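Numbering of ligands and ligand atoms starts at 1, following listing order. Position 1 is the first residue of the sequence; numbering continues from there. Reckoned from all heavy atoms, side chains included, excluding hydrogens, waters and symmetry mates. All of these numbers come straight from a predicted model, not from anything done at the bench.
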Amino acid sequence: MGSETVHRLPVIEFTDKNTNPETESWSETCKKVVDALEQYGCFVAVYDKLTQEIHTQLLESLQTLFSLPTETKIQNKSSKALHGYEGQKPYFPLSESMSIADAHTVQGVRDFSNVMWPNGNPTFCENLFAYTKLAAELERIVVRMVFESYGVGKHHESYVGSANYLCRVMRYREPEIGEKKMAFMPHTDKSFMSTIHQNNVAGLEVKAKDGEWFGLPGLTFSSVVVMAGDAIMAWTNDRIISPIHRVTMEGSEARYTLAQFSVMEKDMVKAPDEFVDEDHPLRYKPFDHLKFLDFFSQEENRMLESPIHTYCGV
Ligand SMILES: O=C(O)CCC(=O)C(=O)O
Ligand SMILES: [Fe+2]
């Protein structure tokens, strides 16, 4: 007989007050963030700057984007690993997605938009950028909290200088009768960190350390799921583990999400000395994050059980 734990992701508020390092509530929030990341590898941030208006306009713009003809959407192409249009996949017929490179910059959003709407679409750009810049801001706050809590805050500035953001916008249609509901297979993110925002349709599920899958009910217009990727797992030498997650579609409404991934583009991903000692021997060789993404994007490596361990595990 086992008593099953009922898992629920911690919900942490991000306000002007507790995101100011001068305050006491900053240190309290740091603790909640690190505890959540160490336990689940993710948590729900409620970010007060993400207003109902930003959310509604963002979702309207995503609907407009996905209603473009497929011939237009497939123009979202790139030579960079893990970028570009994905969809019409026989194994995962429910999902369709596109990627916005340099998503935290006006130029990145505009370059993407100009491919979809060659005559320009300023409303789309404004609506998207209003969100992507907040997502990047939130990610940097969380990373700073993590670094400071572990006593390695001196690395934050170089992290900010090195990090770039890729935003993947996704639409999952509702499954038809008899169709399988798994819309995104179980995986860990290859990012440093990910921030995930959705419309009102649930579907994201996380695997807890005890092997139980659990959903994330109750997300609102200002909720962002902040999730550790493989790169922060390696950087913290396994203090934080990137969680396995998947998307399962129920019901009769389409699900829209934005998953924004941070990538350490300039510096090597290398665990600071503070994380390595006799009890915690180095678990990952220092690696180039972009090269890891290239490795993972190769067909033969997509199905590996743990690409990060195969790539640079010690
Ligand atoms: O759509 C979601 O909620 C999650 C998507 C995801 O896990 C990913 O893009 O890596
Ligand atoms: Fe993911």
Are any protein N/O atoms closer than 3.5 Å to the N/O atoms of ligand 1? If there are, list each pair with names and the distance to one decimal place.
residue, atom, partner, partner atom, Å
ligand 1, 1 (O), Y172, OH, 2.6
ligand 1, 1 (O), R255, NH1, 3.2
ligand 1, 1 (O), T257, OG1, 3.0
ligand 1, 3 (O), R255, NH1, 3.0
ligand 1, 3 (O), R255, NH2, 3.1
ligand 1, 7 (O), H187, NE2, 3.1
ligand 1, 7 (O), H245, NE2, 3.0
ligand 1, 10 (O), H187, NE2, 3.0
ligand 1, 10 (O), D189, OD1, 3.1

Query raised in the report: Can you say whether the rings of F292 and F295 are parallel (under 30°), tilted (30 to 60°) or perpendicular (over 60°)?
Result: parallel
Query raised in the report: When you look at NZ of K180, are more than 12 heavy atoms from neighbouring residues, nucleotides or ligands closer to it than 6.0 Å?
Result: yes
Query raised in the report: Can T64 and S61 be counted as having a side-chain donor-acceptor contact under 3.5 angstrom?
Result: no
Report task. Only one of L37, I196, L9, T195 passes side-chain contact (heavy atoms from CB on, under 4.5 Å) with M227; say which it is. Result -> I196
**Report entry** Lys/Arg-Asp/Glu bridge criterion (N-O < 4.0 Å) met for E96, R171
**Finding:** no
**Report entry** R8 atom CZ: more than 12 heavy-atom contacts under 6.0 Å
**Finding:** no
Query raised in the report: Do H280 and D238 get their side chains close enough for a donor-acceptor pair, meaning under 3.5 Å?
Result: no
Query raised in the report: So, for W235 and F275, is the gap between ring centers shorter than 6.0 Å?
Result: yes
Query raised in the report: For D102 and H104, does a side-chain donor sit closer than 3.5 Å to a side-chain acceptor?
Result: no
Query - Every N, O or S from the protein that is nearer than 2.8 Å to the Fe ion (ligand 2) - result: H187 NE2, D189 OD1, H245 NE2
